[in-house]
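Inspection log for the structure reproduced underneath, given as structure tokens.
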Amino acid sequence: MNLFRVEAAVRAAKDAFPIWSSKSPWERSQILNKLADLIEHDLEAFAQAESKDQGKTITFARTVDIPRAVYNFRFFASSILHHTTECTEMASMGCVHYTSRTPVGVAGLISPWNLPLYLLTWKIAPAIACGNTIVAKPSEMTSVTAWMMCKLLEKAGMPHGVVNVVFGTGTKAGEALVCHPDVPLISFTGSTLTAQRITEKSAPHCKKLSLELGGKNPAIIFDDADLNQCIPTTLRSSFANQGEICLCTSRIFVQRGIYSEFVKRFVAETKKWKVGNPSDPTVNMGALISKEHLEKVRSYVKKAKAEGARILCGEGVDSLALPAGNQKGYFMLPTVIAEIKDESCCMQEEIFGPVTCVVEFDTEEEVIKRANGVKYGLAATVWSSNVGRVHRVARRLQSGLVWTNCWLVRDLNLPFGGVKASGIGREGAKDSYEFFTEVKTITIKH
């Protein structure tokens, strides 16, 4: 059944491509803006659905997920109007060279369950803005808002076949999409393990790939950091969306001189975070995505404890009080682990849940080496009032993004993506434009 659905979706996208790709950027921009308006008009309905489907708090869905989905369409509706191509002259040869960019064709887009509509639209918007048609596969665990968006396409003026969404598992629908010979491009956000399989399956077809993968993101806190800003921000970077964000902080390196003060204050603030019914606007954390994922996250805490680490708060230490109707849900307290070795699986592997480890360091050279000592390289944060130091450390960190004295401040014009096992390629205004188009060099002799 999934093979049939993917085949039908690819055929529809392929049939729609000639008409959609021939439309001007301005015409495509108008439709993207209309779709953004329609989602924004139904923002509360989308937020409620996202919260119930994924387990995130209604507050997070209202203030982050759905507004960002709206902005993704508006941003690329605007940016597509402002790209330029290159031109050079070889007067001695009587030639002018220029570049032309054209859409690739049918784009295969595979998005994860943690930020469902947010990350799905982050792929759809640039793909169709550039003139491609698409077949998208949202996570089978969080497909509701994708379906809701589909119901708005016709009203937005989207021609039939431009946006196609298939629902199903990764092993069936996802693999059928990746292996389809008429899909020359795959954009994937998810696990490194799945990305390895996508790479293998894509190789015979030489497909263009954009892979945004996991992270084991460090926060480096020097002794001159402003803890009044650092602690609440690091709390948010560790536990926002139940820690189910690829950019979340899971390793906190604190310089020895302020380690005790930081830990005391950070743990105290962590204990204040309220876990409960996602529809309660006063809670800070909702439910994890599934029973299996909750068990996986808890297992890391158990492993840390078995290795001799200290659980300062959260799982296995504090009691979780839940409303009667939520006591069988997949909830977990934000958890802080200390006295743990860098070689521990909790310091090396992506947990993707509300668990962070706090360790101390002495020197700048030491902490850079330790921060880089994992297979991932997605994001990092550096906290210091020394401007020279933050520039110096940021340059040496093996990471696609580095925030200093802040977290998750994004300019969509700039590249987004990781190094090492955190991915291949970049996303953003210019980078997405280059990925979702093919460039051609044309020489005219006069």
Side-chain angles (χ1 to χ4, degrees), residues 2 46-61 64-66 110-120 136-148 165-175 188-195 197-198 212-216 238-248 250 273-280 283-304 314-316 320 322-335 345-346 349-356:
N2 281 317
F46 273 93
Q48 291 284 349
E50 202 76 294
S51 175
K52 290 175 183 176
D53 198 27
Q54 201 274 341
K56 67 177 74 246
T57 67
I58 186 61
T59 302
F60 199 88
V64 179
D65 284 71
I66 310 308
I110 303 174
S111 58
W113 49 257
N114 60 323
L115 301 165
L117 194 65
Y118 177 138
L119 291 178
L120 180 65
K137 194 207 84 68
S139 169
E140 64 274 18
M141 292 190 283
T142 52
S143 300
V144 173
T145 49
W147 171 246
M148 292 171 67
V165 179
V166 293
F167 300 99
T169 64
T171 53
K172 292 182 179 179
E175 189 153 319
F188 168 77
T189 297
S191 73
T192 301
L193 191 63
T194 302
R197 184 164 181 82
I198 289 173
E212 198 278 286
L213 312 177
K216 194 65 185 171
S238 300
F239 305 125
N241 204 51
Q242 302 76 243
E244 295 170 331
I245 303 176
C246 58
L247 301 167
C248 274
S250 55
W273 265 44
K274 183 178 176 182
V275 179
N277 190 329
S279 64
D280 180 350
V283 303
N284 302 104
M285 273 176 37
L288 275 71
I289 185 66
S290 67
K291 180 181 179 181
E292 293 76 16
H293 188 61
L294 174 61
E295 289 173 351
K296 173 195 163 188
V297 175
R298 282 176 169 167
S299 74
Y300 276 100
V301 181
K302 291 177 183 176
K303 289 176 186 175
E315 177 67 21
L320 174 56
L322 291 168
N326 299 105
Q327 289 178 1
K328 293 184 179 180
Y330 312 133
F331 296 88
M332 178 177 172
L333 286 168
T335 301
C345 62
C346 290
E349 299 173 15
E350 184 178 43
I351 299 174
F352 216 64
V355 177
T356 195

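The shortest heavy-atom contact between Gly55 and Pro278 is O-CG, 3.4 Å. Pairing each heavy atom of Phe167 with each of Ala146, the nearest pair is CE2-CB, 4.2 Å. Taking all atoms of both residues into account, the shortest heavy-atom contact from Leu213 to Ala195 is CD2-CB, 3.4 Å. When every heavy atom of Ala49 is checked against every heavy atom of Met148, the shortest pair comes out as CB-SD, 3.6 Å. Counting all heavy atoms, side chain and backbone alike, Gly276 lies closest to Leu322 at CA-CD2, 4.0 Å. When all heavy atoms are compared, the tightest approach of Pro354 to Val297 is CD-CG1, 4.2 Å.
Between Ile66 and Leu117 there is a side-chain heavy-atom pair separated by less than 4.5 Å. Looking at heavy atoms from C-beta onward, Pro112 lies out of side-chain contact with Ser139 at the 4.5 angstrom threshold. Looking at Leu333 and Trp273, their side chains never come closer than 4.5 Å, going by heavy atoms from C-beta outward. Looking at heavy atoms from C-beta onward, Val144 lies out of side-chain contact with Glu50 at the 4.5 angstrom threshold. Two residues are said to be in side-chain contact when any heavy atoms from C-beta on lie closer than 4.5 Å; Leu294 and Phe331 fail this criterion. Side-chain atoms of Asp65 and Gln54, non-hydrogen and from C-beta on, never get closer than 4.5 Å to each other.
The main-chain N or O of Thr145 is never found under 3.5 Å from a side-chain atom of Asp53 such that the two would form a donor-acceptor pair. No donor-acceptor distance shorter than 3.5 angstrom exists from the side chain of Glu315 to the backbone of Val301, with no hydrogens or angles considered. Without hydrogens or angle criteria, His293 side chain to Tyr330 main chain gives no donor-acceptor distance under 3.5 Å. Between the side chain of Lys56 and the backbone N or O of Leu115, no donor-acceptor pair lies under 3.5 Å. Distance alone, capped at 3.5 Å, is enough to place a donor-acceptor pair between the Lys216 side chain and the Glu349 backbone. Side-chain atoms of Glu350 come within 3.5 Å of backbone N or O of Gly215 as a donor-acceptor pair.
Not counting sequence neighbours, Glu244 has no partner by the salt bridge (charged side-chain N to carboxylate O under 4.0 Å, His left out) test.
A distance of 16.0 Å separates OG1 of Thr192 from CZ of Arg197, quoted to the nearest 0.5 Å. Atom CD1 in Ile110 sits 9.5 Å away from atom CD in Glu175 (nearest 0.5 Å). Between the CG atom of Asn241 and the CG atom of Leu247 there is a distance of 11.0 Å, given to the nearest 0.5 Å. Annotation: the span from Lys274 atom NZ to Thr57 atom OG1 amounts to 12.0 Å, rounded to 0.5 Å. We find the OH-OG distance between Tyr118 and Ser111 to be 13.0 Å, quoted to the nearest 0.5 Å. Expressed to the nearest 0.5 Å, how far CE of Met141 lies from OG1 of Thr169 amounts to 11.0 Å.
The local environment of NZ in Lys302 is sparse, with at most 12 non-hydrogen atoms from other residues, nucleotides or ligands closer than 6.0 Å. Other residues, nucleotides and ligands contribute only 12 or fewer heavy atoms inside 6.0 Å of the NZ atom of Lys291.
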Query raised in the report: Passes side-chain contact (heavy atoms from CB on, under 4.5 Å), Val355 versus Met332? Steps please.
Result: CA-CA 10 Å; Val355 177; Met332 178 177 172; 3.7 Å; yes
